**Q** 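Could you have a look at this structure, given as structure tokens, before my questions?
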Amino acid sequence: MDLQSYARILRKRWRIIPAVALLVVALATLLTVLTPKTYQSNIQFFVSTSDSSDSAQLAQGSTFTQQRVKSYTELLKTPKVLGPVVQQLKLPLTPTQLAAHVSTNIPVDTVLIDVSITDRSAARAKAIAKSVSEQFPKTVQDLERVKADSPSPVKVTVVKDPQASPGAVSPRPVRNIALALMLGLLLGVAVAILRHILDSRVRTKEDIEELTDVTVIGGIPYDSEASSQPLIVQADPQSGRAEAFRSLRTNLQFVDVANHPRTIVVTSSLAGEGKTTTTANLALAMAESGASVCLIEGDLRRPRLLDYLGMEGGVGLTDVLIERADLRDVLQPFGKHRLAVLGAGAIPPNPSELLGSTAMRETLARLQSSFDYVLIDAPPLLPVTDAAVLSTLVGGAVLVSGSGIVTRDQLDTALDSLATVNGRVLGIVLNRIPRKSAGGYYDYRYEYRPTEPAKGGRKLGKRGGGKNSGKSSGGGSSSRGGGSSRGGSKTAESDGDGASRGRRTAVSSSSAS
């Protein structure tokens, strides 16, 4: 990954960094509070030789002393020195345990020995240091004396009396918190990058672009009310989500202008990615622009399109394919624009064979000659092959990818299934994008809502279309709905010919087109 990739990862997962940093700082603070305070007392010894009458002896003595000093630092931690200290002060420690509280240091090229005594009590640390300052010179003198009546050639002098630190040397809150903050930030960056690497789900446009060269032709923001209000283009035409579907419609119209597809299958990798609501809203947006559109419920396994539209599906596509019904009799008009809906009909035992049949090809040809666009809501690609079969009969396929639902491997497998049958992929629609996602159309809002009625017209409600927005444009009313001001409503209205609500009416081919 290059620097831009890391920057994109940190921008997308920046919340992890302060969260980890705060956690580390909190742990460091807790550890600092729980750690007992430790105090320190320091002493310093000077080591010299007693026989230095001339310069030669002085040089030899200096070399001898420097070599001896290294041994004395270890001698300070032995029971020979610390045993008498423990006995003198009656410490509840053994000489070995006390040695853990003693640290020594030799300044470079000197014969000085710095000794530090640490303890939880400042007074006791100073008392131990004073006792060591008295005991150590005696121990050295005894060890270096060759004979009992001869003097020691080495002399140890205390040059810095025991001094206690003005405050506790440990813990150090400011230092600990500063180091914890730095460590937390570095750890947060590492966790963010690691999570990105381990997270195989497709969440952003960049994730798709890293996986495939197929163009992302639209991004639909997430809406928690989509299940209860699926037809957002009709129910709330001024919302940002409705505008996202119009943007998808526009982008789709510019896909391969020279060979512009008019029959399109809309599918996904898995169920639950929002392909049906995407198909329905895309059809509404196309019809809204003035085009005549036929919307086909091509999912012959779990059809849900007519439920979203509030229409009945007693007969439909399967009846046409087996020649049990005429195409003109099963098309149902929807809304006030030129949109016709063809339901799935009875669920057949062999959906794949039926969708790939010659009858299906002929039906699509008839619809293409009567409508500007034909949209097919197909099943997901991974569970069944229906969508792949349909992609061979149409001008192209649109693949809906649910943000945070599908993984990279699943999306790649779905694209491969279309490529295997030479299906033409027009683009990918990233659906269910979190509202707070940064960049591009992800956080785009279209908040303009007309509140004043036009001259001579009626005032529009907050949700747009008003009472009569679901009125059909054909000669009769649609079954259980030409749509209402809220998507998924079960109410339909007649167009003034006195027909009752819910009555099913056949549509002539001229009115359907």
Side-chain angles (χ1 to χ4, degrees), residues 230-235 237 242-243 245-254 260-266 276-298 305-306 308-313 316-317 320 326-343 363-377 394-395 398 464-485 487-489 491-497 499 503-513:
L231 305 183
I232 192 68
V233 172
Q234 177 177 273
E243 189 64 23
F245 283 110
R246 295 190 187 95
S247 177
L248 170 60
R249 173 200 65 194
T250 302
N251 294 338
L252 192 58
Q253 290 173 345
F254 283 94
H260 187 63
R262 294 176 53 200
T263 55
I264 302 170
V265 59
V266 182
T276 301
T277 55
T278 300
T279 309
N281 282 284
L282 178 59
L284 288 171
M286 286 181 167
E288 185 183 70
S289 67
S292 59
V293 182
C294 179
L295 180 57
I296 301 177
E297 189 175 41
L305 180 61
L306 292 189
Y308 291 158
L309 299 177
M311 305 174 72
E312 292 182 352
L317 177 62
V320 174
D326 187 76
L327 179 61
R328 293 175 299 177
D329 296 333
V330 296
L331 285 173
Q332 304 180 59
F334 183 87
K336 58 184 178 181
H337 301 292
R338 294 189 296 167
L339 173 61
V341 180
L342 177 58
T363 300
L364 290 176
R366 290 178 59 189
L367 293 172
Q368 186 174 353
S369 64
S370 302
F371 294 90
D372 296 328
Y373 292 98
V374 178
L375 296 182
I376 308 174
D377 174 37
V394 298
V398 172
K467 179 180 179 181
N468 297 322
S469 63
K471 187 178 291 185
S472 64
S473 59
S477 65
S478 65
S479 167
R480 293 182 61 192
S484 67
S485 62
S489 172
T491 304
E493 296 187 17
S494 66
D495 59 352
D497 62 351
R503 179 172 60 84
R504 184 167 188 172
T505 307
V507 183
S508 64
S509 60
S510 60
S511 64
S513 62

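The shown structure was predicted, so the numbers you read here are calculated from the model rather than taken from an experiment.
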**Q** Are any non-hydrogen side-chain atoms of L309 and L231 less than 4.5 angstrom apart?
**A** yes
**Q** How far apart are the C-alpha atoms of Y308 and E297, what are their side-chain angles, what is the distance that settles it, and do they pass the side chain to side chain contact (heavy atoms under 4.5 Å, CB included) test?
**A** CA-CA 11 Å; Y308 291 158; E297 189 175 41; over 6 Å; no
**Q** Do the non-hydrogen side-chain atoms of D377 and I296 ever get within less than 4.5 Å of each other?
**A**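 In short, these two side chains do not touch, never coming nearer than 4.5 Å.
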**Q** Do the non-hydrogen side-chain atoms of L282 and R249 ever get within less than 4.5 Å of each other?
**A** yes
**Q** In Å and rounded to the nearest 0.5 Å, what is the OG to NE2 distance from S292 to H337?
**A**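 Spacing of OG (S292) from NE2 (H337) equals 13.0 Å.
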**Q** I need the minimum non-hydrogen distance between A242 and P237, along with the two atoms involved.
**A** CB-O, 3.7 Å
**Q** Find out whether Q368 and C294 are in side-chain contact, i.e. whether some heavy atom of one side chain is under 4.5 Å from a heavy atom of the other.
**A** no
**Q** State whether the side chain of R338 and the backbone N or O of A287 hold a donor-acceptor pair below 3.5 Å, judged by distance alone.
**A** no
**Q** Quick one, Q253 and Y373 - any side-chain contact, counting heavy atoms below 4.5 Å?
**A**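 Yes; the side chains approach each other to less than 4.5 Å.
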**Q** Is the closest side-chain heavy-atom distance between F371 and V293 below 4.5 Å?
**A**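 Sidechains of V293 and F371: no contact.
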**Q** Which heavy atom in F245 sits nearest to a heavy atom in T278, and how many Å separate them?
**A**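 Closest pair (atom of F245, atom of T278, distance): CE2-CA, 3.7 Å.
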**Q** Which heavy atom of T279 sits nearest a heavy atom of L375, and at what distance?
**A**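 Of all heavy-atom pairs spanning T279 and L375, the closest is O-CD1, 4.0 Å.
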**Q** State the CE-CG distance between M311 and L295, to the nearest 0.5 angstrom.
**A**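 Interatomic distance, M311 CE to L295 CG, rounded to 0.5 Å: 9.0 Å.
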**Q** Identify the two heavy atoms, one from L306 and one from E312, that lie closest to each other, and give their separation to 0.1 Å.
**A** CD1-O, 3.4 Å
**Q** Identify the heavy atoms of M286 and L252 that sit nearest to each other, and give their distance.
**A**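 Taking M286 first and L252 second, the nearest heavy atoms are CE-CD2, 3.6 Å.
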**Q** Calculate, to the nearest 0.5 Å, the distance between atoms OG and CZ belonging to S369 and R262 respectively.
**A**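 Going from OG on S369 over to CZ on R262, the span is 8.0 Å.
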**Q** Which residues pass the side-chain hydrogen bond (donor to acceptor under 3.5 Å, both in side chains) test with N251, not counting sequence neighbours?
**A**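 N251 satisfies side-chain hydrogen bond (donor to acceptor under 3.5 Å, both in side chains) with no residue once adjacent residues are dropped.
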**Q** Holding to side-chain contact (heavy atoms from CB on, under 4.5 Å), I want the full list of residues that pass it with V394, two or more places apart in sequence or in another chain.
**A**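 In terms of side-chain contact (heavy atoms from CB on, under 4.5 Å), with neighbours along the sequence ignored, V394 is linked to T263, V265, L364, I376.
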**Q** Rounded to the nearest 0.5 Å, how far apart are CD of E288 and CG of N281?
**A** 10.5 Å
**Q** Begin from the C-alpha positions of L339 and L284 and carry the test side chain to side chain contact (heavy atoms under 4.5 Å, CB included) through to its verdict.
**A** CA-CA 7 Å; L339 173 61; L284 288 171; 3.6 Å; yes
**Q** Tell me the closest heavy-atom pair linking D372 and A291, and the distance in Å.
**A** OD2-CA, 3.5 Å
**Q** Given the rule in the side chain to side chain contact (heavy atoms under 4.5 Å, CB included) test, do L342 and L327 qualify, once you have shown the distances and angles that lead to the verdict?
**A** CA-CA 9 Å; L342 177 58; L327 179 61; 4.0 Å; yes
